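Data first, discussion second: the structure below is written as structure tokens.
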Amino acid sequence: SATSQPYRTGYHFQPPKNWMNDPNGPMIYKGIYHLFYQYNPKGAVKGKGSIVWAHSTSRDLVNWTPQKVAIYPSQPSDIDGTWSGSATILQDGTPALLYTGINPLHQQVQNLALPKNSSDPYLLEWVKSPKNAVMAPAPENQINASSFRDPTTAWLGVDGRWRVIIGSKINRKGLAYLYRSKDFVHWIKAKRPLHSAKNTGMWECVDFFPVSVNSPVGFDTSTLGPTVKHVLKASLDDTKHDYYTIGEYDHAKDIYIPDEGSLDGDSGLRYDYGKFYASKTFFDSAKNRRLLWAWLNESSSVSDDIKKGWAGIQAIPRAVWLDKSGKQLVQWPIEEIEMLRTNPVHLPSQDLKGGSVLEVPSVTAAQADVEITFKLSNFRKAEVLDPSWTNPQLLCSQKGTSVRGSLGPFGLLVLASKGMQEYTSVFFRIFKGQNKHVVLMCSDQSRSSLNPDNDKTTYGTFVDVDPVHKQLSLRSLIDRSVVESFGGQGKSCISARVYPTLAINKAAHLYAFNNGSESVTITRLSAWSMKKAHIN
Ligand code: FRU
């Protein structure tokens, strides 16, 4: 119940109990959405050897029906674990799953599974290929057998051959091996990897997909052409964050080249500057969009996870597309999630004076969706950005919620207790940079819980919005132990896991605040209570 399990979410995807990590093989098939996920049926910790592909289906991406486990260790090529992988819809419409198996030698190898009955839209039964493993480390290919995993959705070249990439590393160099196949069963490793980058370590859960240069529509993974750019994402095992670059896919040479200024690894862009890992996109052919799934792990202690009996949730799926600048992606929660909105509260436009707090009344603040937009003036008063302040996360932890500034901090206090003993704060701070104003976005978890065992790291990023000419918006999806925040209409995202001890259920509150000296204008403040979704 909500009282005994205050951290179970109301509308984020999770299994009834136990451990979940990566989203696997997302797809839409015959009008049904499928999500598989890494799952330990034996407990709330990751465990060894027992990981399976659990399976759920949905008509709307909001309400989910549990299905039986789709893939589990059963043959030599996967007997020690069925790890992450992806779905590809073949030319005849059949969905094929490629996934990593752990063999008895503890080598990582790639396996193929096909539906037993492809006329079943629920795809309940999967048959493993007798040809498994279909890709494996061998003396002649020099692949590191403990770093060869997580096949992507495949794409079809103009030569009629399928391509797939698999993450790996050679010493400290991260890379994506490329394989090609005519029949999806026999795979041949290409001489050159699709891409590599030095000093980035192991690339987990790589993802490679086309985006449109001039519209938010999504493309099928095999789409090429003059209005297409490509995105390559790697989940870096070293830092546990998902980084992407935007670039050109040279399909004649079968290599990917990031654009100038689009940097690989830790100096590059992230989907999310909080918790967000092992993400995977798929093309939703029903609505012509590309959707992004990702695992949000816990920030609680392992012993607390064992006590509550579960660990891991999935982020709300996000539509992703290329920003008009061409330099970054934009992400926005799927429109379907708005079907859960109820009891809207719209506050009139108003000034929020420096040092003031405004409660958003009549929402179930533990489970809510809130959008707030700020209009700013008095830019002369903005704090000067020291050129050495290049690390936004550090800046957010040094200039947290309670550190007064001039234009900011202003934003939302979510999952807050009445007496402010607990709150999570999502805010902006405006600085005067060299030749423009700089927007900092922070998610400050330092006061999120009185329980000292949680990881309360502060997160932060810069937002590429000009606050002089544009209003500054923030949306937060609040769901009991998760706060997913979207700044600047989805240009910067920060997700956090928090475990309040007082601000739970009906005792949670929601406020707008301004702790700067200058007042800011709220031009819009809309909040909704969120209904519970039917999840598993
Ligand atoms: C990422 C990951 C993958 C692997 C899976 C195993 O979180 O380590 O690289 O396939 O989890 O569960």
Side-chain angles (χ1 to χ4, degrees), residues 13-15 18-26 35-55 69-73 77-87 97-103 106-113 132-137 143-153 164-169 174-177 200-208 232-244 270-272 275-281 292-299 305 310-315 495 497:
F13 184 97
Q14 58 184 159
N18 296 332
W19 167 271
M20 171 173 68
N21 56 297
D22 314 357
N24 291 156
L35 181 66
F36 306 86
Y37 54 93
Q38 292 284 286
Y39 178 64
N40 179 5
K42 294 181 186 152
V45 295
K46 187 158 187 187
K48 280 208 165 66
S50 50
I51 284 264
V52 303
W53 278 46
H55 182 198
V69 166
I71 308 242
Y72 50 89
S77 61
D78 67 15
I79 201 67
D80 270 326
T82 50
W83 288 17
S84 287
S86 308
L97 301 179
L98 286 171
Y99 66 95
T100 300
I102 308 301
N103 74 14
H106 276 275
Q107 294 178 317
Q108 298 172 7
V109 300
Q110 316 315 322
N111 293 293
L112 171 65
N132 284 342
V134 294
M135 293 164 246
I143 292 170
N144 177 346
S146 52
S147 308
F148 179 54
R149 57 183 181 269
D150 312 333
T152 60
T153 297
V164 71
I165 55 172
I166 294 141
S168 189
K169 67 171 176 186
L175 70 156
Y177 285 118
T200 49
M202 175 62 191
W203 289 7
E204 296 189 310
C205 298
V206 285
D207 195 20
F208 184 58
L232 178 64
K233 184 275 300 187
S235 302
L236 296 194
D237 200 14
D238 283 12
T239 64
K240 292 288 169 200
H241 298 303
D242 280 12
Y243 300 85
Y244 68 88
R270 280 167 55 178
Y271 279 141
D272 191 293
K275 294 226 143 165
F276 196 88
Y277 195 64
S279 67
K280 191 178 293 296
T281 62
L292 173 66
W293 279 102
W295 168 42
L296 307 185
N297 74 344
E298 302 300 312
S299 296
D305 292 347
W310 59 274
I313 65 171
Q314 301 293 326
S495 298
R497 299 298 311 280

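Whatever order the structure lists ligands and atoms in, that order sets their numbers, starting from 1. FYI, the numbering just counts along the sequence from 1. Quantities reported herein were computed from a predicted structural model and do not represent experimental measurements.
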Legend entry - Which segment of Asp237 sits under 4.0 Å of ligand 1 when only heavy atoms are counted: neither
Inset, instruction - Run the numbers on Asn297 and Lys275 for side chain to side chain donor-acceptor pair (under 3.5 Å), then give the verdict. - result: CA-CA 7 Å; Asn297 74 344; Lys275 294 226 143 165; 3.0 Å; yes
What I want to know is whether [X] and ligand 1 share at least one N or O pair that is separated by under 3.5 angstrom.
X: Arg149; value: yes
X: Tyr277; value: no
X: Lys240; value: no

Inset, instruction - Show which atoms of ligand 1 fall inside a sub-4.0 Å distance from at least one heavy-atom site of Ser84. - result: 5 (C), 10 (O)
Inset, instruction - Tell me, with the steps shown, if Asn24 and Ser84 meet side chain to side chain donor-acceptor pair (under 3.5 Å). - result: CA-CA 6 Å; Asn24 291 156; Ser84 287; 2.9 Å; yes
What protein heavy atom sits nearest [atom], and how far off is it?
atom: atom 2 (C) of ligand 1; answer: Asp22 OD2, 3.3 Å
atom: atom 8 (O) of ligand 1; answer: Glu204 OE2, 2.8 Å
atom: atom 6 (C) of ligand 1; answer: Gln38 OE1, 3.3 Å

Inset, instruction - Please tell me if the side chains of Gln110 and Phe148 come closer than 4.5 Å, counting only heavy atoms from C-beta onward. - result: yes
Legend entry - Heavy-atom check, side chain of Phe13 versus side chain of Trp293, under 4.5 Å: yes
Inset, instruction - Would you check whether Asp150 reaches within less than 4.0 Å of ligand 1, judged by its heavy atoms? - result: yes
Inset, instruction - Please state whether Lys46 comes within less than 4.0 angstrom of ligand 1, counting heavy atoms only. - result: yes
Legend entry - Closest non-hydrogen atom pair between Ala70 and His55, with its separation: CB-CB, 4.1 Å
Inset, instruction - Output the distance between atom CG (Asp242) and atom CG (Asp272), rounded to the nearest 0.5 Å. - result: 9.0 Å
Legend entry - Lys240, NZ: over 12 other non-hydrogen atoms inside 6.0 angstrom: yes
